[in-house]
Amino acid sequence: MLKQELARCLRQAVVEAQQKGALALAALPEMLIEHPQNPEHGDFSSGLPLKLARAMRMPPIAIAEKISEYIVPPPQIDRLWVAPPGFINFTLREDWLRTQVEPILANGESYGNIDLGKGKRVQVEFVSVNPTGPLHVGHGRGAVLGSTLANVLTASGYAVEKEYYINDMGNQIDNFGRSLYARYQQCLDKEAAMPPDGYYGNYMIDLAKEIVQEQGDRFLSLAESEAASQLAKIGVAKILQGIKEDLELLNVNFDTWFSERSLYQGGQYNKAMELLQSRGYIAKKENATWFESSSLGEDKDNVLVRSDGSPTYFASDIAYHYNKFVERKFDLVIDIWGADHQGHVPRMKAMLKALGQDPEQLKVILCQLVTLRRGQEIVKVSKRSGDIITLREVIDEVGPDACRFLFLARSADSQMDFDLEMAKRQSADNPVYYVQYAHARIASIIRLAEQRKIDYSQGDVSLLTTEPELTLIRRLILLPEIIERVALTLEPHHLPYYSQDLATIFHSFYKQCRVVSNDEALTKARLKLVRATQIVLAKILRLMGMTAPEKM
RNA sequence: GCGCCUGUAGCUCAGCUGGAUAGAGCGCAGCCCUGCGGAGGCUGAGGUCGCGGGUUCAAAUCCCGCCAGGCGUGCCA
């Protein structure tokens, strides 16, 4: 990328100036090249001289001048100059800029892809909600975040696998089974008490009714624990099916649905525990089995097997990550969890050390909780207590594209209020539609060109000389940088901002530059530019998992 | 108590490893259709960047201390 090339030129210039004695010797910091926000400061700039001033004991402006004497700029650069208090600014050659429309057209939907990952295998595990009830809005946020990240990493040259971890055993499932059994009996006019901490949502009653309808009363003849366990299995399958459908509506899908239970049948649990044992991290205390994480710098140990013999969630997760790293050998694993799992992160890192893995291979993204509201009224989203607004209802009300855009537009670190009223009210006049409108508008222009049988394949991009045209091109060629940045920081919220910015620049261009006109040559050139814009808009929308409509 | 996240325009939020005049959307006040989609364009008002110190040529950004909100701190997940 040009940015990196400029950084190299800059470094080389400093080194050469130092060798020739023009600049004092000093350790060089990272060469930082940025896009100044004020266009008068050029396309790129560096504040390097400001950073060197102290070590070189020289005024930054003088350093800047010295460095600029030694810079051999790449051919894409038109000119460079020094600006107080010590910046070096660069502008791109306009004739080079114009030619950049061609590679976009040539690459089509693969334009913007980069080779950052070099084929490394990365797993993104996300959503992974307990299959004990329908998804709510908070889950939607993680789903959108994860699927978008997977899209961007794929575009960045990683071999990506998307996975959903199904917690299909343990306390929650037992509880779910007992709750379902109670509802089932009630459905058949039997007296039955719900567990005090059971799942009280109305969907449990519907679920029970459905099972009665399909399978009759045959579970009544079974022992209570057997009935609960069989019903749990059936209920989990049904809930999971619903979750899958909801996610598909949001354009979220997975390569693998991984069962927790399978870790016990497949031997991963035993192998992982033996490995920890042999490495000396296991202890027995008070009838329970502990992971001695405190020996790895953790503030406390953690229970793996309870005194009643049942493994904890943490034990399963150890087996699961043993499977991810040791058996499936992923180079990188990204887990996306809700902020309420933050306490889990340090012990997972400790566990990886104990397994002999590099903890850096695991990236945990905690996304902050979503509070759902309708205007002033806060809607509670507790699954067990019952009254929840499901993700499904939100998608139905707001629409999948708008949902995705709204979720994506905030960084994972910040809590968000998802106001249903606002989301719906905005839907008429909303950044989501603003971006999609730009795409549709272009589609309409292209349709017009087709109607008039204009073949612009030989259009001459050197005719693109006005300021709105060049500004548009400058934005288009930012795409690879945006993709790289998201892949590096794992922060997809830059995508909606870029898309909106690009749409703004396009709409402004559109107002100022007539595309299909009497000037045949200019028409063809501009059709190329407009088509390139459409390609970039479609790409960014696709990365965000949204549709790029031809009409709206 | 301790740990993590957050606090930027009326509202919802950006602000890239400290950099040149702190940005966007919505809302508000105006203006622009004798040409390709007005779901559009243009202009304006609106800010003690939670508060107080510190580091630096330079702090919304880094450090320390407060204040406020969220989450965590289980033989729950």
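To find a chain, count down the sequence lines: A is the first, B the second, and so on, and within it residues start at 1.
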Give a yes or no on whether a donor-acceptor pair under 3.5 Å exists between the nucleobase atoms of [N], that is its base, and the side chain of [X].
| X | N | value |
| --- | --- | --- |
| A/Ser45 | B/A20 | yes |
| A/Gln342 | B/C71 | yes |
| A/Ser307 | B/C75 | yes |
| A/Gln415 | B/G69 | yes |
| A/Asp413 | B/U6 | no |
| A/Asn89 | B/A20 | yes |

Do A/Lys300 and A/Ser294 have a side chain donor and acceptor closer than 3.5 Å?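 The criterion, which ignores hydrogens and geometry beyond distance, is not satisfied for A/Ser294 and A/Lys300.
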Using the rule for Phe, Tyr, His and the six-membered ring of Trp, do A/His41 and B/A20 stack at under 5.5 Å and under 30°?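 Stack criterion met.
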Check whether the aromatic ring of A/Phe87 stacks on the base of B/A20, taking stacking as ring centres less than 5.5 Å apart and planes within 30° of each other.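 One would call A/Phe87 stacked on the B/A20 base.
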Paired with [N]: which nucleotide, if any, by Watson-Crick or G-U wobble criteria at under 3.5 Å for both distances?
| N | answer |
| --- | --- |
| B/C57 | B/G19 |
| B/G65 | B/C51 |
| B/C28 | B/G44 |
| B/G3 | B/C71 |

Choosing from [options], which nucleotide comes nearest the side chain of [X]?
| X | options | value |
| --- | --- | --- |
| A/Lys300 | B/G37, B/A14, B/G74 | B/G74 |
| A/Ser444 | B/G37, B/G19, B/C75 | B/G37 |
| A/Ala83 | B/C75, B/C36, B/A20 | B/A20 |
| A/Arg514 | B/G19, B/G35, B/A14 | B/G35 |
| A/Gln368 | B/C5, B/G25, B/A20 | B/C5 |
| A/Lys51 | B/C71, B/G19, B/C75 | B/G19 |
| A/Gln37 | B/C13, B/G40, B/A22 | B/A22 |
| A/Lys551 | B/G15, B/G37, B/C75 | B/G37 |
| A/Gln500 | B/C71, B/G25, B/G37 | B/G25 |
| A/Ser508 | B/G37, B/G41, B/C36 | B/G41 |

With sugar-phosphate meaning primed atoms plus P, OP1 and OP2, does A/Ala339 contact a base, only sugar-phosphate, or nothing at under 4.0 Å between heavy atoms?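 Sugar-phosphate contact only.
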Pairwise [atom1] distance, [M] and [N] [rounded to whole Å]:
| N | M | atom1 | value |
| --- | --- | --- | --- |
| B/C26 | B/C66 | P | 41 Å |
| B/C64 | B/G46 | C1' | 34 Å |
| B/C16 | B/G7 | P | 12 Å |
| B/U6 | B/C63 | P | 12 Å |
| B/C36 | B/A58 | C1' | 49 Å |
| B/A22 | B/A39 | P | 35 Å |
| B/U48 | B/G44 | C1' | 23 Å |
| B/G18 | B/G41 | C1' | 36 Å |

Name the residue closer to the 5' end of RNA chain B, choosing between A/Glu550 and A/Ser411 according to the nucleotide with the nearest heavy atom.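 Nearest nucleotide further toward 5': that of A/Ser411.
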In terms of ring plane angle, is the pair [X] and [Y] parallel, tilted or perpendicular, where the classes change at 30° and 60°?
| X | Y | value |
| --- | --- | --- |
| A/Phe176 | A/Tyr199 | perpendicular |
| A/Tyr510 | A/Phe506 | tilted |
| A/Trp337 | A/His344 | tilted |

Report the C-alpha separation of A/Arg347 and A/Asp317 in whole Å, then their side-chain angles, then the decisive distance to 0.1 Å, and conclude whether the salt bridge (charged side-chain N to carboxylate O under 4.0 Å, His left out) test is met. CA-CA 11 Å; A/Arg347 59 174 180 257; A/Asp317 241 11; over 6 Å; no
Applying side chain to side chain donor-acceptor pair (under 3.5 Å) to A/Ser457 and A/Asp455, what does each step give before you reach the verdict? CA-CA 6 Å; A/Ser457 61; A/Asp455 174 9; 2.8 Å; yes
After noting the C-alpha distance and the side-chain angles of A/Leu32 and A/Leu48, does the key distance pass the side chain to side chain contact (heavy atoms under 4.5 Å, CB included) rule? CA-CA 7 Å; A/Leu32 53 102; A/Leu48 179 70; over 6 Å; no
Below the 4.0 Å mark, does [N] have OP1 or OP2 next to a side-chain nitrogen or oxygen of [X]?
| X | N | value |
| --- | --- | --- |
| A/Asn171 | B/C76 | yes |
| A/Tyr510 | B/G35 | no |
| A/Ser414 | B/A14 | yes |

Evaluate whether atom NZ of A/Lys349 has more than 12 neighbouring non-hydrogen atoms of other residues, nucleotides or ligands under 6.0 angstrom away.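 Above 12, so yes.
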Identify whether the glycosidic angle of B/C33 places it syn (within 90° of 0) or anti.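 Syn conformation for B/C33.
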